[in-house]
Amino acid sequence: MEFYKLFGFVGILKESIQPIPKNGKILGLITMIYLLFTSIFFLIFKSMSDSLLRDMFIKESIIPISSANGSTIASLLSSIKQNTKLVLAIDFSFIFFIFFFISFFSTNAIILIFAASYFSETLSVKDLGIKILRSCIRLFFTMFYTTILVIGYFFFCLSMSTPLFYSMNDFLKVVAFAILSYIIYLYISIVWVLALVVSAVEEGCYGIMALGKAGKIIKGNEMKGFILNILFNLLALMIFQGTQIVHNMIIMLILVNVCCLWKVFQLVAYTVLYIDCKKNQGDEIIEFQGSIDYSKISNLPLIIDGTPYRV
């Protein structure tokens, strides 16, 4: 049984591919929009930040050969400081727009599309728009809570590791602590990610309620989610490192788009994991109408014209 749980994630990955053709057109549309906006923001961010950094380096190189005029040097330093602030502002804007607006709406849409596909429901653009409007507030609140949890966990680990930084001899301990902290994060964040799926597909469930329900749903299937988390994060880290190593703009853009496609598949897998966990708990699927409703089938007799019938 433990062996099955250890490799149960393989079944999740297989099931993640099966619903794709059912809403292929609308999925392709959403994916193309997601890739397009991500590519545009990436190119804008890259070109503007590179331009500002070049200007900063040029002005820094002028300082050593400039005259001893203090006002000139002060002006150059002020200009460099201003450019640094602009670079930071662009970085912040890039993160804000990419990881909030684009990521938020793409996450919502992809989860809803695959939840509907799993139940053989065909979605139109209008249907998807209505579902997104109905679920975006729930997903926003849940993302807010999960973000707080991630930040809180980061600062907790930072505070715990602070004593180790005072001694250079403890460098290996710092590395070991960082690796251990990240592994623990990958384990506990299963609930946080699953809470996003819960809030997207279930009416009236968001925030703390979605986190609590996700914790109950994943119970007994933690190993599946944990291994999926490891797999997805390792490959995403490899792609990200690739963007840092290469300097060719076209290759970097390709890697960014590959990372986006990987995220789409990741959201699909977590949606399938959510449904699989519900089924493993013995819940019967009734229907999918903007939300996924589960309930136990009653064994009570049905009374028709005074005669009991069992269903």
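Numbering starts at 1 and runs along the sequence shown.
Looking only at side-chain heavy atoms (C-beta outward), Gln266 and Val193 stay at 4.5 Å or farther from each other. A 4.5 Å side-chain heavy-atom check between Leu149 and Leu211 finds at least one atom pair inside the cut-off. Looking at heavy atoms from C-beta onward, Ile132 lies in side-chain contact with Phe105 at the 4.5 angstrom threshold. Using a 4.5 Å heavy-atom cutoff, the side chains of Leu139 and Phe104 are in contact. Side chains of Leu196 and Tyr270 form no contact here, defined as non-hydrogen atoms less than 4.5 Å apart. In this structure, the side chains of Leu123 and Lys131 come closer than 4.5 Å at one or more pairs of heavy atoms. Put simply, the side chain of Ser189 does not reach to within 4.5 Å of the side chain of Val150, judged on heavy atoms. Looking at heavy atoms from C-beta onward, Lys263 lies in side-chain contact with Thr107 at the 4.5 angstrom threshold.
Ser135 approaches Asn108 most closely through the heavy-atom pair OG-OD1, 2.9 Å. Listed here is the closest heavy atom pair of Asn221 and Cys277: CB-SG, 3.7 Å. Residues Ile218 and Val191 come closest through the heavy atom pair CG2-CG2, 4.0 Å. The shortest non-hydrogen separation linking Val272 to Ile12 is CG1-O, 4.1 Å.
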Evaluate Val268 against Ile110 for side-chain contact (heavy atoms from CB on, under 4.5 Å), listing each step before the verdict.
CA-CA 7 Å; Val268 175; Ile110 292 166; 4.2 Å; yes
Hey, mind stepping through Ser39 and Val256 against side-chain contact (heavy atoms from CB on, under 4.5 Å) and telling me if it holds?
CA-CA 7 Å; Ser39 299; Val256 168; 5.6 Å; no
side-chain contact (heavy atoms from CB on, under 4.5 Å), that's the test. Do Tyr274 and Ile111 meet it? Break it down for me.
CA-CA 11 Å; Tyr274 163 76; Ile111 290 173; over 6 Å; no
For Glu202 and Arg138, what are the C-alpha separation, side-chain angles and deciding distance, and is it a salt bridge (charged side-chain N to carboxylate O under 4.0 Å, His left out)?
CA-CA 9 Å; Glu202 295 194 15; Arg138 301 196 305 269; over 6 Å; no
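Taking CD1 of Ile190 as the start and CD1 of Ile217 as the end, the distance is 13.5 Å to the nearest 0.5 Å. Put simply, CG on Asp276 and NZ on Lys224 are 4.0 Å apart, with the number rounded to the nearest 0.5 Å. In this structure, OH on Tyr185 lies 6.5 Å from CH2 on Trp192, to the nearest 0.5 angstrom. The OG1 atom of Thr31 lies 11.0 Å from the CG atom of Asn257; values are rounded to the nearest 0.5 Å. Note that CZ of Phe265 is 16.0 Å distant from SG of Cys260, once rounded to the nearest 0.5 Å. Taking CD1 of Ile230 as the start and CG of Leu234 as the end, the distance is 7.0 Å to the nearest 0.5 Å.
Other residues, nucleotides and ligands contribute over 12 non-hydrogen atoms within 6.0 Å of the CE atom of Met252. The environment of CG in Leu261 is crowded: more than 12 heavy-atom neighbours from other residues, nucleotides or ligands sit within 6.0 Å. The 12-atom threshold is exceeded at CG of Leu237, counting heavy atoms of other residues, nucleotides or ligands nearer than 6.0 Å. Counting non-hydrogen atoms of neighbouring residues, nucleotides and ligands closer than 6.0 angstrom, the CZ atom of Phe144 reaches no more than 12 such neighbours.
Leu253 and Leu35 are not part of a single hydrophobic cluster, where members link through side-chain heavy atoms under 4.5 Å apart. At a threshold of 4.5 Å between side-chain heavy atoms, the hydrophobic network of Ile, Leu, Val, Met, Phe, Trp and Tyr places Leu228 and Ile188 in one connected group. A single hydrophobic cluster is seen to contain both Leu128 and Ile102, as judged by linkage of ILVMFWY side chains at heavy-atom distances under 4.5 Å, directly or through other members. Residues Leu29 and Met32 do not share a hydrophobic cluster, defined by chaining ILVMFWY side chains whose heavy atoms lie under 4.5 Å apart. Linking ILVMFWY residues whenever their side-chain heavy atoms come closer than 4.5 Å, directly or via other members, leaves Leu133 and Ile33 in distinct clusters.
Below 30°, between 30° and 60°, or above 60°: for Tyr187 and Phe226 the angle between ring planes is above 60°, a perpendicular geometry.
Within the structure, side chain to side chain donor-acceptor pair (under 3.5 Å) pairs that include any residue of residues 141-160 comprise Thr142-Ser199 (at least two apart or interchain).
Judged by distance alone, the side chain of Glu222 and the main-chain N or O of Gly220 form a donor-acceptor pair under 3.5 Å. Side chain of Asn233 to backbone of Asn229: a donor-acceptor contact under 3.5 angstrom is found.
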